[in-house]
Amino acid sequence: MRMSQLFGQTLRDAPSEAQAISHRLLLRAGFIRPLASGIFTALPLARRALTKVENIVREEIEAIGGQEITMPVVQPADLWKETDRWYQIGAELTRFKDRAGRDMVLAMTHEEVVADLVRQEIRVYRQLPRLIYQIQTKWRDDPRPRAGLIRVREFTMKDSYSLDADEEGLDRQYRAHYQAYFNIYQRCGLDTIAVASDAGMMGGAQAHEFMVLTPIGEDTLMLCTACDYAANRQIAGFRKPESLPEPPLPLEKVVTPGVTTIETLASFLDIPTAKTAKAVFMVATILSGVEDVERFVFAVVRGDMDVNETKLLNAVKARSLRPATEEEIRVSGAEPGYGSPLGVRDAIIVVDDAIPSSPNLVAGANEAGYHLLNVNYGRDYEADLVCDIAVAREGDACPRCGALLRAARGVEVGNIFKLGTRYSEALGATFVDREGVAHPVVMGSYGIGIGRTLACIAETHHDEYGLLWPISVAPYQVHLTALLRDKSGVVEVADRLYADLQAAGVEVLYDDREASPGVKFNDADLIGLPLRLTVGARGLKKGGVELKRRDRQERVLVPVAEAVARVRSEIAALEAELNEEMSK
RNA sequence: CGGGGCGUAGCGCAGUUUGGUUAGCGCGCACGGUUUGGGUCCGUGAGGUCGGCGGUUCAAAUCCGCCCGCCCCGACCA
């Protein structure tokens with residue numbers, strides 16, 4: 001491609017709204033343009049890079065048996081009503097009516113359509129396992145798009161769906177994806193880690209997220225400093241510091257005026273926070289049939305811990321959680337600042353699993369200005385649920401090996417879910433086994449955000465001058481720059497090299513513009529192609545053209561006659577380096 | 001949805017507090033010349049009606065009201 005013909009210009013300054021490095025560089029280098037909040041156009045340079053990412057994804061998913069299909073973005077709402085997600089999902093799912101007044105949705109994911117396809121196509125066990133996938137547009141009306149391509153509303157996703165007769169088959173396909181995902185990201189030059197994750201709106205049992213570690217990430221990950229334990233903080237477990245066993249002491253009411261926080265309580269009574277019980281009041285929206293019901297949730301953790309809302313939400317099987325108002329707290333029989341589970345009514349009481357083994361805690365008296373000493377679980381109150389609802393923090397003990405956990409930020413570039421039979425049961429997607437007995441198809445669902453992957457590559461591959469594309473996803477492999485275009489020889493040599501490189505199968509971006517050398521070099525650095533080949537009068541006088549890697553300082557002068565061969569060997573070297581990274 | 005910020009030429013900004021000539025500057029763009037291995041310099045020129053609507057006023061980019069859009073933080077989020 002001749003730069004004089006390229007659609008899309010580089011910008012000297014990034015638009016002021018762009019903050020994230022990947023956002024700024026992709027805008028400046030002429031890769032993307034915004035249309036609306038969280039909605040972008042991919043210009044030719046981005047389109048080529050995206051296509052390369054997609055093709056890597058295709059190769060790896062087909063290597064594990066994937067067959068590509070394309071499912072519709074516009075879907076009848078009936079399907080979503082059948083799986084209840086029409087009711088479960090909020091404004092993120094865009095709904096509208098077609099001209100006949102039928103409810104429709106814009107697809108944010110495709111489990112429904114897959115299950116619908118399966119109930120039509122899959123009849124007997126011989127048709128399993130299968131793996132189908134697509135690379136296609138998703139629309140999620142995200143309340144808060146941010147950071148350019150990192151979090152958008154309209155995006156391209158590779159979503160694959162595994163279909164199996166049983167859990168063992170699902171396990172196999174899940175593991176296959178797990179490995180394929182690492183292959184994909186590594187081929188894209190992206191370092192990722194897999195962390196155990198919450199299933200969220202997808203439902204299902206096991207799930208992992210593939211994360212790029214970067215401070216710009218919105219997810220907090222808990223990583224063990226010793227073993228390979230890694231989990232999203234939303235579900236991360238940890239070993240809870242145990243309380244010393246003590247015989248239960250009699251309940252005692254004490255005056256604690258103005259003491260409404262755990263910290264002031266602990267210092268007022270001169271006890272460690274671990275000797276207190278912290279009450280958290282929430283209201284859960286729980287789906288009951290097709291109706292939402294609000295239930296008051298009373299959560300209790302030890303004073304040295306905090307409630308993890310994701311864990312709590314999952315524990316009470318709620319659709320959503322919100323803090324309770326003071327009025328709601330009083331209606332339940334509790335008192336804000338002095339809450340305890342003793343005597344509350346009409347509430348789901350959820351107690352963290354560290355509480356039953358923590359004797360003689362100080363809890364609120366549900367009366368302003370008073371606390372209770374020596375509250376003991378089982379003797380003084382009982383819970384509807386006892387489970388882990390505490391949030392893991394940096395410095396907590398790894399649930400697997402006990403070493404310290406550290407926290408890190410990450411961007412989720414992919415995920416894998418064991419759906420099980422949630423969708424196949426809802427939509428009646430069954431097959432008959434050897435004995436002629438019908439079973440629901442066991443499903444898995446696996447996503448990769450294509451644009452987000454590209455953004456993460458940009459986010460992690462740049463320097464002060466611009467982008468630095470890995471050879472595997474670079475829009476072009478070589479940036480051919482012709483300097484001093486009106487001087488004798490330069491144009492001729494550059495034009496010929498352009499033709500020869502293309503004939504040799506090399507992808508070339510040819511800067512044939514009338515511009516000063518500085519402008520061209522700066523644009524080349526900004527766009528960030530892996531190799532730069534410079535044709536100038538000075539080099540030609542010395543007998544050659546200059547070859548430089550974007551990621552290195554050295555420039556070598558190569559004879560014009562050898563330039564194509566040298567470029568090809570450099571490309572091969574860059575590809576080999578990427579493969580080397582992979583085998584590590 | 002809550003909090004904060006911003007909206008003036010393609011991009012980056014000044015001007016708005018304290019209403020008042022033809023609304024400025026840099027970059028970019030067009031043309032001419034100059035220069036030519038890291039955003040060359042000089043000149044000429046085109047380009048905005050100040051996010052939108054309404055109001056106050058002799059007079060509004062500037063004051064008031066409503067609305068829209070974009071960004072950041074939070075809630076939210078595969």
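- Here the separation of B/rG74 from B/rA14, taken at their C1' atoms, is 33 Å to the nearest Å.
- Nucleotides B/rU22 and B/rC41 are separated by 30 Å at their C1' atoms, to the nearest Å.
- Counting non-hydrogen atoms under 4.0 angstrom, A/Arg452 reaches nothing in the nucleic acid.
- Within the shown strands, nothing qualifies as a pairing partner of B/rA23 under the Watson-Crick or G-U definition with both distances less than 3.5 Å.
- Donor-acceptor pairing under 3.5 Å is recorded for the side chains of A/Glu111 and A/Ser445.
- A sub-4.0 Å separation between OP1 or OP2 of B/rC73 and a side-chain N or O of A/Arg146 is present.
- Look at the C1' atom in both B/rC63 and B/rU18: the space between them is 11 Å, to the nearest Å.
- Rounded to a whole Å, the CE atom of A/Met282 is 12 Å from the P atom of B/rA75.
- Judged purely by distance below 3.5 Å, without hydrogens or angles, the side chains of A/Gln234 and A/Asn308 never pair a donor atom with an acceptor atom.
- Using a 4.0 Å heavy-atom distance criterion, A/Ala36 is classed as a sugar-phosphate-only contact.
- Nucleotides B/rU62 and B/rA9 are separated by 15 Å at their P atoms, to the nearest Å.
- Not less than 6.0 angstrom separates the ring centroid of A/Trp469 from the ring centroid of A/Tyr476.
- Using cut-offs of 30° and 60° on the angle between ring planes, the pair A/Phe298 and A/Phe281 is perpendicular.
- Remark: C1' of B/rG38 and CD1 of A/Ile527 are 15 Å apart, rounded to the nearest angstrom.
- Ring centers of A/Tyr178 and A/Phe210: under 6.0 Å apart, within the cut-off.
- Atom CD of A/Glu17 and atom C1' of B/rG10 are 13 Å apart (whole Å).
- The phosphate of B/rC71 (OP1 or OP2) has a side-chain N or O of A/Ser37 nearer than 4.0 angstrom.
- Taking the six-membered ring where the residue is Trp, A/Tyr510 and A/Tyr498 present tilted rings, their angle falling between 30° and 60°.
- Residue A/Asp525 places a side-chain atom within donor-acceptor reach of the base of B/rG38, judged by atom type and a 3.5 Å distance cut-off alone.
- Taking atom CG of residue A/Leu321 and atom P of nucleotide B/rC76, one finds them 9 Å apart after rounding to whole Å.
- Within 4.0 Å of A/Gly447, counting heavy atoms only, lies no atom of the nucleic acid at all.
- In this model, no side-chain donor or acceptor of A/Arg28 finds a partner on the base of B/rG12 within 3.5 Å.
- The A/Gln19 side chain lies nearest to B/rC72 when the options are B/rC72, B/rG37, B/rC76.
- Comparing B/rU8 with B/rG3, their C1' atoms are spaced 26 Å from each other, to the whole Å.
- Separation of the C1' atoms belonging to B/rG47 and B/rC66 is 32 Å when rounded to the nearest angstrom.
- Figure legend. B/rU56 is base-paired to no nucleotide; pairs are counted as Watson-Crick or G-U wobble with both atom distances under 3.5 Å.
- Among the protein residues, A/Ala20 comes within range of no part of the nucleic acid, since none of its heavy atoms lies under 4.0 Å from any strand.
- For B/rG43, the paired nucleotide is B/rC31, the pair qualifying as Watson-Crick or G-U wobble because both relevant distances are below 3.5 Å.
- One atom, CD1 of A/Ile216, and another, P of B/rC72, lie 9 Å apart when rounded to the nearest Å.
- Counting only N and O atoms by type, the side chains of A/Asn183 and A/Glu60 include a donor and acceptor under 3.5 Å apart.
- The side chain of A/Ser16 contributes an N or O atom lying less than 4.0 Å from OP1 or OP2 of B/rG12.
- Donor-acceptor pairing under 3.5 Å, judged by distance alone, is present between the side chain of A/Arg151 and the base of B/rC76.
- Across all strands shown, B/rG74 is found opposite B/rC1 as a Watson-Crick or G-U wobble partner, with both distances under 3.5 Å.
- Spacing of C1' atoms, B/rG15 relative to B/rU49, comes out at 15 Å, to the nearest Å.
- Across all strands shown, A/Asp219 has no heavy atoms under 4.0 Å from either base or sugar-phosphate atoms.
- The residue A/Asp159 sits apart from the nucleic acid: no heavy atom pair falls under 4.0 Å.
- Proximity note for A/Glu92 (side chain, C-beta onward) versus B/rG37, B/rC77, B/rC70: the nearest is B/rC77.
- Separating the P atom of B/rG39 from that of B/rU44 is a span of 25 Å, rounded to the nearest Å.
- Distances shown here put a side-chain N or O of A/Arg12 below 4.0 Å from the OP1 or OP2 atom of B/rG28.
- A/Tyr465 and A/Arg550 share no side-chain donor-acceptor pair at under 3.5 Å.
- Nucleic acid contact for A/Gly449: none, since no nucleic acid atom lies under 4.0 Å from a heavy atom of the residue.
- The CZ atom of A/Arg144 sits 9 Å away from the P atom of B/rA75 (whole-angstrom rounding).
- Following rounding to the nearest Å, A/Arg555 (CZ) and B/rG38 (P) show an atom-to-atom distance of 9 Å.
- Contact annotation for A/Pro143: base contact, defined as any heavy-atom pair under 4.0 Å involving a base atom.
- Contacts of A/Ala207 with the nucleic acid, taken as non-hydrogen atoms under 4.0 Å apart, are absent.
- In this entry the distance linking CD of A/Glu514 with C1' of B/rC29 reads 16 Å, nearest Å.
- For B/rG38, the base has a donor-acceptor partner in the side chain of A/Arg532 [N/O atoms by modelled type, under 3.5 angstrom].
- Side-chain N/O atoms of A/Ser516 include none lying less than 4.0 angstrom from OP1 or OP2 on B/rG39.
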